[in-house]
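First listed ligand is number 1; within each ligand, the first listed atom is number 1.
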Amino acid sequence: MLALGIETTCDETAAAIIRCGADGKGEILANEIASQIADHAAYGGVVPEIAARAHVEVLDALIKHAMTKAGVSFNELSCIAAAAGPGLMGCVLVGLTTAKTLALVANKPLVAVNHLEAHALTPRLTDQVPFPYLLLLVSGGHTQLLAVQGVGQYKRLGTTIDDAIGEAFDKVAKMLGLPYPGGPEVEKQAMNGNPERFDLPRPLLGRREPDFSLSGLKTAVRIAAEMQAPLSATDIADLCASFQAAVVDVIVDRVRAALRSFREQFGTPNALVVAGGVGSNQSIRCSLQRFSASAGIRFIVPPADLCTDNGAMIAWAGIERFALGMVDDIYITGRPRWPLDETAPPALGSGRYGARV
Ligand code: KG4
Ligand code: ZN
């Protein structure tokens, strides 16, 4: 099987080609990406209209480049996959419409992929991990713990009731005057900082439900920064290190709660898997590695460039779905919101957590 994958849900334009052999192993033949970071940097965040236009400008050439690099023709493709959400609607439509057009012209099946499912299935591309596994999905827009039971079969164990972890990294970076995107900058600063200098809260630590809350921690960083102002380079490094240490403590504790919940419902998972951009953070990776070793479960995290948004994950999810006959018709529309577990109730939101327990 050979698939083209197209990703345009946010601020990365990406196209990739993956071949999958009879043994079920995927091989990345091309994985092209055009980042829009420079286009958005001046605004401190992604501007949807700028993002959509930037996708239009580069996507055709990027697909051509990926096809050439992989040395394949449209005729040879088994399917054409595109992320159909969740994401910025104007952005999603660029990739999905391009995929529909190619599928019609080349007479190939279309696979509309959920961007989150693509993150969730990436460890099967990199490490052939069998179902079921426990997934920590941590990106700019999402923070969830899920039981992955099969393609299209996800049970949400926990979620954030306010901000996503990546979003919290980005906001902390912004309040400390660090450039966008904030996650990698905060991590860089934290390497030279003292994680014990600021005593920051660890929200929901010890709760049985594997949910997250980040807004109080973010506010605590803001207050600490305001009290220190004007900030020296050491203050910034110490605030970043203290914030990251709090996030690490929260993540490990919430994963522990999720593992308990997973075991109660489904038995022991085949692995703890981390997906999404925040998974490229070394401190988070190392702590989860240690936790997994102590809990006696396999730990898998894809290489950093397959954790952040990319085309290979869409092509792989396309192959997994296509292999099971899950193809879509040309009338499918994009979805700005598209939860992996459609049965899970919406999170209650900041400040209302107490009403639920
Ligand atoms: O998965 P992703 O590339 O895009 C989304 O689907 O959101 O994740 C991007 C998010 C951003 O919030 C970014 O700041 C965060 O992942 N991120 C990091 C690191 N690298 C990226 N957060 C913490 N540490 C990092 N090294
Ligand atoms: Zn993503």
Does ligand 1 have any atom sitting under 4.0 Å from a heavy atom of [X]?
X    : answer
C10  : no
H115 : yes
H142 : no

For [X] and ligand 1, does the shortest N/O to N/O distance drop below 3.5 Å?
X    : result
T308 : no
P181 : no
G276 : no

For [atom], find the nearest protein heavy atom and state the residue, atom name and distance (0.1 Å precision).
atom                    : answer
atom 26 (N) of ligand 1 : E187 OE1, 2.7 Å
atom 3 (O) of ligand 1  : D309 N, 3.1 Å
atom 15 (C) of ligand 1 : V278 CG2, 4.0 Å
atom 13 (C) of ligand 1 : D170 OD1, 3.8 Å
atom 24 (N) of ligand 1 : N281 ND2, 3.0 Å
atom 20 (N) of ligand 1 : S280 OG, 3.2 Å

Notebook entry, point to check: Looking at R285 and C307, what are the two nearest heavy atoms and their distance?
Noted result: NH2-SG, 3.9 Å
Checklist line | Test side-chain contact (heavy atoms from CB on, under 4.5 Å) applied to V301 and L288, step by step | finding: CA-CA 10 Å; V301 54; L288 287 173; over 6 Å; no
Between the side chains of [Y] and [X], is the shortest nitrogen-to-carboxylate-oxygen separation below 4.0 Å, so that they form an ion pair?
X    : Y    : result
K155 : E342 : no
R197 : D238 : yes
D163 : K218 : yes
E264 : R260 : no

Margin query: Working to 10°, measure the angle at the Zn ion (ligand 2) formed by atom NE2 of H115 and atom NE2 of H119.
Written below: 90°
Notebook entry, point to check: What part of Q282, side chain from CB on, backbone N/CA/C/O, both or neither, has a heavy atom under 4.0 Å from ligand 1?
Noted result: neither
Check: Sub-3.5 Å donor-acceptor pair from the side chain of N270 to the main-chain atoms of F131, do we have one?
Finding: yes
Checklist line | Any donor-acceptor pair under 3.5 Å from H55 side chain to C91 backbone | finding: no
Output the list of atoms in ligand 1 that are nearer than 4.0 Å to some heavy atom of [X], sorted by atom number.
X    : value
G166 : 12 (O)
G141 : 7 (O)
H119 : 1 (O)

Notebook entry, point to check: Would you say the side chain of P203 lies within less than 4.5 Å of the side chain of L214, judging by non-hydrogen atoms?
Noted result: no
Note to self: Please compare G140, G279, A190 and report which has the shortest non-hydrogen distance to atom 7 (O) of ligand 1.
What the structure shows: G140
Check: Among A164, G183, G277, which one has a heavy atom closest to atom 21 (C) of ligand 1?
Finding: G277
Checklist line | Heavy-atom neighbours of E196 CD exceed 12 at 6.0 Å | finding: no
Check: Got more than 12 heavy atoms from elsewhere within 6.0 Å of CG, D199?
Finding: no
Next item on the list: Could you pull out the atom name of the N/O/S atom in D309 that is nearest the Zn ion (ligand 2)?
Entry: OD1
Notebook entry, point to check: Side-chain donor-acceptor pair under 3.5 Å between N281 and Q244, yes or no?
Noted result: yes
